[in-house]
Amino acid sequence: MKVCIVGSLNTDMVISTPHIPNRGETVFGEKLDMLPGGRGANAVTTLSKLGKEGMLIGCIGHDSFGDDLLTELRKNQVNISHIKRTMQASTGTTIIMIDDVAVNTMVGMRGANSYLSPEDIDKAVNGFEDYGILLAQMEMPEETIVHAMQEAKKNNVLVVLDPKPAKNITMKVLEATDIIIPNEQETKYMTGIEIKNIDDAIQAGRYFESLGISQSIIKMGQRGALVYTPTRIEHVAAIPVKVVDSVVGGAFSGALACAFLEGKDIFKATRFACVVSALKVTRFGAQIGIPTLEELNEFIEENNLYEYLNGFTGRLTNNIYHSKNGELEKN
């Protein structure tokens, strides 16, 4: 079973700065790095580095940025056979500002990502017959994403939605989603609920369930993640690390898919994704900072995370709740 990713490829222009400028303010940065990125490319790179097979369907321009992205993907042994190139737009770019406490602010330009079509999806996958999981996000045209998700659903493929950017989400997208994995900002935009604590995240999970998405993972940054299902809810604690670069979206979804391929349930899969993300944020670069399987195993060994991965830990508390007659009971 393989993973299909329909997602973005971008060049990240990363500016390290003492603080993010206020509106109308000029701030001088300390350095500029040009790095490979895009949530789709980052997710498929995570799969490849962790020893799994994934295929990315995306679109880049006929320019040097696109050339560099393909070079990086080839280096990581990613299947690039269905990455389209267009003359109609330049390769997507994202300007990322990272301050001295590793908080990031982004401005993105979709560029060539906007030229991926439903026909490109059909050319790349034969009814999804070789795939068990579809990872989708919203940096492509809505009709393309909806087409991919609906075709996947028809063929009993698990559809996982990483809702970035949340403002592009429509009911057609949500109707084709099995699992949604928003961060705090995306959750607030879609639900109106500000995630201040675990109870807020549970309420957001209930909101998504009311929309027909019974399983959700609310990513809460340094507060971990909240896994919501109709019968069980679990707060997965964050692993304390020194954060260098907090961009983890593609790494999280890619790691989640890896765990699903291994037959893990949503709770163990989330813990695995949290471990991968914890190691990733200690490294600079959304894509170049993604760890290999060997590096991940060393991190798990050094930090004694085996019990954490299995849901049993004294040092880090994972709170588990069960639903009974509509009420939550904490274990």
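Index from 1, following the sequence.
Under the 3.5 Å distance criterion, the side-chain polar atoms of Ser90 are left unmatched by any main-chain donor or acceptor of Gly111. Judged purely by atom type and a 3.5 angstrom limit, Asp99 uses its side chain to pair as donor or acceptor with the backbone of Val101.
Side-chain contact between Met190 and Tyr207: absent, with no pair of heavy atoms (C-beta onward) separated by less than 4.5 Å. The shortest distance between side-chain heavy atoms of Thr270 and Leu256 falls below 4.5 Å. Side-chain contact between Lys154 and Glu151 is present, with heavy atoms from C-beta onward closer than 4.5 Å. The closest side-chain heavy-atom distance from Asn183 to Phe252 is not below 4.5 Å.
Within 6.0 Å of atom CD in Glu30, more than 12 heavy atoms from other residues, nucleotides or ligands are found, so the atom counts as buried in its surroundings. Other residues, nucleotides and ligands contribute at most 12 non-hydrogen atoms within 6.0 Å of the CD atom of Gln222. Residue Lys188 places its NZ atom among 12 or fewer non-hydrogen atoms of other residues, nucleotides or ligands, all under 6.0 Å distant. By the 6.0 Å contact criterion, CD on Glu209 is enclosed, its count of non-hydrogen atoms from other residues, nucleotides or ligands being greater than 12. Heavy atoms of other residues, nucleotides or ligands lying less than 6.0 angstrom from CE of Met87 number 12 at most.
In the hydrophobic clustering of ILVMFWY residues, with side-chain heavy atoms under 4.5 Å counting as a link, Phe208 and Ile233 come out together. Criterion: ILVMFWY side-chain heavy atoms under 4.5 Å apart, direct or through other members. Under it, Ile213 and Leu161 are part of a common hydrophobic cluster. Cluster annotation: Leu134 is connected to Val146 through the hydrophobic network of ILVMFWY side chains, with a link wherever side-chain heavy atoms come within less than 4.5 Å. Under a hydrophobic-cluster definition in which Ile, Leu, Val, Met, Phe, Trp and Tyr are linked whenever side-chain heavy atoms come within less than 4.5 Å, directly or via other members, Val14 and Ile290 are assigned to different clusters. Under the 4.5 Å side-chain contact rule for hydrophobic residues, Leu158 and Leu50 share a cluster.
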Using a 3.5 Å cut-off and no angle test, enumerate the donor-acceptor pairs between side-chain atoms of residues 258-268 and protein atoms at least two apart in sequence or in another chain.
from: Glu262; atom 1: OE2; to: Lys52; atom 2: NZ; distance (Å): 2.3
from: Asp265; atom 1: OD1; to: Phe267; atom 2: N; distance (Å): 3.0
from: Asp265; atom 1: OD1; to: Lys268; atom 2: N; distance (Å): 2.8

N/O donor to acceptor pairs below 3.5 angstrom from side-chain atoms of residues 21-29, sequence neighbours left out:
from: Asn22; atom 1: ND2; to: Glu25; atom 2: OE1; distance (Å): 3.3
from: Glu25; atom 1: OE1; to: Asn22; atom 2: N; distance (Å): 2.7
from: Glu25; atom 1: OE2; to: His19; atom 2: NE2; distance (Å): 3.2

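Contact record, Lys31 with Asp33: CE-OD2, 3.2 Å, taken as the closest heavy-atom pair. In terms of heavy-atom proximity, Gln137 sits nearest to Ile145 at O-CD1, 3.0 Å. Across all their heavy atoms, Asp12 and Gly38 have their closest contact at OD1-N, 4.2 Å. When all heavy atoms of Ser246 and Asn104 are compared, the pair lying nearest together is OG-ND2, 2.6 Å. The nearest pair of heavy atoms linking Asn79 to Gly54 is CB-O, 3.9 Å. Across every non-hydrogen atom of Ile218 and Ala204, the tightest pair is CD1-CB, 4.3 Å.
Between Asp63 and Thr91, the side chains place a donor N or O and an acceptor N or O closer than 3.5 Å (distance only, hydrogens not considered).
A salt bridge is absent between Lys172 and Glu175: the closest approach of a Lys/Arg side-chain nitrogen to an acidic carboxylate oxygen does not fall below 4.0 angstrom. Ionic pairing of Glu186 and Lys164 is not present here: no N-O contact between side-chain nitrogen and carboxylate oxygen is shorter than 4.0 angstrom.
Annotation: salt bridge (charged side-chain N to carboxylate O under 4.0 Å, His left out) contacts involving residues 103-124, sequence neighbours excluded, comprise Lys84-Asp120.
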Apply side chain to side chain contact (heavy atoms under 4.5 Å, CB included) to residues Thr177 and Met149 and explain how you reach the verdict.
CA-CA 7 Å; Thr177 300; Met149 296 172 76; 3.1 Å; yes
Please assess Glu295 against Lys49 for the test salt bridge (Lys or Arg N to Asp or Glu O under 4.0 Å), listing each intermediate value before the final yes or no.
CA-CA 10 Å; Glu295 291 166 338; Lys49 284 192 166 186; 5.8 Å; no
